[in-house]
Undergrad: 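Could you have a look at this structure, given as structure tokens, before my questions?
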Number of protein chains: 2
Amino acid sequence: MLMYRPFESQLNQELGKHGLHRAQWTILYYLVNEGPSTLVELAHYQRVEKPTMTRTVSRLEELGYVDHIPGKDRREKRMQLTAEGTKVYKKVRVTIDKFEQEILEGIPEDTQQLIIESMKAIRMNLINKESAK
Amino acid sequence: MLMYRPFESQLNQELGKHGLHRAQWTILYYLVNEGPSTLVELAHYQRVEKPTMTRTVSRLEELGYVDHIPGKDRREKRMQLTAEGTKVYKKVRVTIDKFEQEILEGIPEDTQQLIIESMKAIRMNLINKESAK
DNA sequence: TTATTTAGTTACCTAAGCTAACCATTAGCC
DNA sequence: GGCTAATGGTTAGCTTAGGTAACTAAATAA
């Protein structure tokens, strides 16, 4: 909670150097790691509603960072990174890696590892909580 | 990063039960802990620009949760919690405490402590980074 | 006493959430 | 096979919450 705004404002500043925003960035991130995905998959991952994803993805499409290939289903829209999108991802990745290193400065390596593990556990708690409602 | 949306969406859901939002909540939180404060102090704490704070605070004013007392300076607007605001804070506090406990479930007590300390350190790094630009 | 800084506001733009209502397509079922 | 459900996505319209630029009023500094 006490990190929320400092983190978001600094992150947006780093991303802003490349004309990106947080919500857009996490989509690129997901596509790189999971490969071509449908809007529903992306929306589920990000915990947003479908219309939100439609809009954000179409922004990325306009920027030329993603495009859609037809899935086997004529309803679904499978999104994938374009060559341009991959290029941008790699470039921003460097900035973000540096950013993450900077904010973790002074925290011992093993503690960092512990934090990352704990974050995953917290994420699971959050997601379970949600589906349990 | 991977916690961002799950956290925000669940937090907003908890706060929504009381008709509040994240940005509003953190203002109440600050006022409870720091006492009556000016808009500039609040904006600085939250890492937002002044106009953003003006708007959010005036929303809280409409809700009757805060009001302003004149500072010694005829420019500044010192905000304080109303009785109603204090009442709401206490009520929401219970919900949030429970929420925090739930998401930390399964994480050992000492690790939780370590995480909280680390968060403070990260926050400092973020803030230093910002002012160093 | 003039110039500069500080606190706050107004106006306007953008990103990114949400819900409600909808269309198309697919899957399930009798 | 043909109706009904469920699923994937979109459109429209709302809200919160961030940002800049340009401003006023008051206080400070030169």
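Side chains included, hydrogens not; waters and symmetry mates left out as well; all remaining heavy atoms used. Numbered from 1 within each chain, the chains take letters A, B, ... in sequence-line order. None of these values were measured; they are calculated from a predicted model.
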Undergrad: Among residues two or more places apart or on two chains, list those pairs meeting salt bridge (charged side-chain N to carboxylate O under 4.0 Å, His left out) that have a residue in residues 75-85 of chain B.
TA: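 Those involving residues 75-85 of chain B are E41(B)-R78(B), D73(B)-R75(B), E76(B)-R78(B), E84(B)-K87(B).
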
Undergrad: Scan nucleotides 25-30 of chain D against the protein and return all N/O pairs shorter than 3.5 Å with their distances rounded to 0.1 Å.
TA:
residue : atom : partner : partner atom : Å
dA27(D) : OP1  : R74(B)  : N            : 3.0

Undergrad: Measure the shortest side-chain to side-chain distance between N12(B) and F7(B) over non-hydrogen atoms and say whether it is less than 4.5 angstrom.
TA: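 Sidechains of F7(B) and N12(B): no contact.
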
Undergrad: Identify every side-chain donor-acceptor pair in residues 52-63 of chain A under 3.5 Å, counting partners at least two apart or on other chains, and give the distances.
TA:
residue : atom : partner : partner atom : Å
T54(A)  : OG1  : K50(A)  : O            : 3.2
T56(A)  : OG1  : T52(A)  : O            : 3.0
S58(A)  : OG   : T54(A)  : O            : 3.2
S58(A)  : OG   : R55(A)  : O            : 2.8
E61(A)  : OE2  : H68(A)  : ND1          : 2.7

Undergrad: Strictly under 4.0 angstrom, non-hydrogen atoms only: write out the protein contact profile of nucleotides 14-23 of chain C, one letter per nucleotide from the 5' end, B, S or -.
TA: -SBBBBB---

Undergrad: Of all of residues 35-45 of chain B, which get a heavy atom below 4.0 angstrom from DNA chain C, listed by number?
TA: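 Contacting residues: T38(B), L39(B), V40(B).
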
Undergrad: Would you please name every residue forming a side chain to side chain donor-acceptor pair (under 3.5 Å) with E100(A), sequence neighbours left out?
TA: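 If we apply the side chain to side chain donor-acceptor pair (under 3.5 Å) test to E100(A), skipping adjacent residues, there are no hits.
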
Undergrad: Roughly how many Å is it from CD in E61(B) to C1' in dT9(C), rounded to a whole number?
TA: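 One finds 13 Å between C1' of dT9(C) and CD of E61(B), rounded.
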
Undergrad: Are T54(A) and dT10(D) close enough that a side-chain N or O sits under 4.0 Å from OP1 or OP2?
TA: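 So the side chain of T54(A) is within the cut-off, an N or O lying under 4.0 Å from OP1 or OP2 of dT10(D).
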
Undergrad: Do I96(A) and L11(A) make a side-chain contact, defined as non-hydrogen atoms from C-beta onward lying under 4.5 Å apart?
TA: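 When only atoms from C-beta onward are counted, L11(A) and I96(A) do touch, with a gap below 4.5 Å.
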
Undergrad: Could you list the residues that satisfy side chain to side chain contact (heavy atoms under 4.5 Å, CB included) with T86(B), not counting sequence neighbours?
TA: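 With sequence neighbours excluded, T86(B) shows a side chain to side chain contact (heavy atoms under 4.5 Å, CB included) to L81(B), K90(B), given in chain and number order.
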
Undergrad: Can you check whether Q80(B) reaches D67(B) side chain to side chain, under 4.5 Å on heavy atoms?
TA: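 In short, these two side chains touch, coming nearer than 4.5 Å.
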
Undergrad: Checking one residue: M124(B). Which other hydrophobic residues are in its cluster under the side-chain 4.5 Å linking rule?
TA: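 Direct or chained contacts put M124(B) with none.
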
Undergrad: Name every donor-acceptor pair, under 3.5 Å, that has one atom in a side chain of residues 20-37 of chain B and the other anywhere in the protein, sequence neighbours excluded.
TA:
residue : atom : partner : partner atom : Å
R22(B)  : NE   : Y4(A)   : OH           : 3.4
Q24(B)  : OE1  : H21(B)  : N            : 3.2
T26(B)  : OG1  : A23(B)  : O            : 3.0
T26(B)  : OG1  : Q46(B)  : OE1          : 3.4
T26(B)  : OG1  : Q46(B)  : NE2          : 2.3
N33(B)  : ND2  : Y29(B)  : O            : 2.7
S37(B)  : OG   : G35(B)  : O            : 2.7

Undergrad: To the nearest 10 degrees, how far apart in direction are the end axes of the helix from dT1(C)-dA30(D) to dT25(C)-dA6(D), each fit to five base pairs?
TA: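 One end's axis against the other's: 10°.
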
Undergrad: Which atom names give the shortest non-hydrogen contact between I107(B) and I115(B), and what distance separates them?
TA: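 Nearest heavy atoms, I107(B) then I115(B): CG2-CD1, 4.5 Å.
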
Undergrad: Separation of E76(A) atom CD from dA27(C) atom P, in whole Å?
TA: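 After rounding, the gap between these two atoms is 10 Å.
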
Undergrad: Are any non-hydrogen side-chain atoms of I122(A) and L104(B) less than 4.5 angstrom apart?
TA: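 Counting from C-beta outward, I122(A) and L104(B) do come under 4.5 Å.
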
Undergrad: Under the rule for side chain to side chain donor-acceptor pair (under 3.5 Å), what residues qualify as partners of E102(A), not counting sequence neighbours?
TA: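 Once residues adjacent in sequence are excluded, the partners of E102(A) under the side chain to side chain donor-acceptor pair (under 3.5 Å) criterion are K129(B).
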
Undergrad: What residues form a side chain to side chain donor-acceptor pair (under 3.5 Å) with E105(B), not counting sequence neighbours?
TA: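 Side chain to side chain donor-acceptor pair (under 3.5 Å) check on E105(B) returns nothing, list empty.
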
Undergrad: Please state how far atom CG in L15(B) lies from atom P in dT16(D), giving the value in whole angstrom units.
TA: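 My rounded result for the distance is 14 Å.
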
Undergrad: Any idea if dA27(D) is syn or anti, going by the 90°-from-0 cut?
TA: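 For dA27(D), whose glycosidic angle is more than 90° from 0, the conformation is anti.
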
Undergrad: Please give, in whole Å, the distance from dA24(C) C1' to K77(A) NZ?
TA: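 About 14 Å, once rounded to whole Å.
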
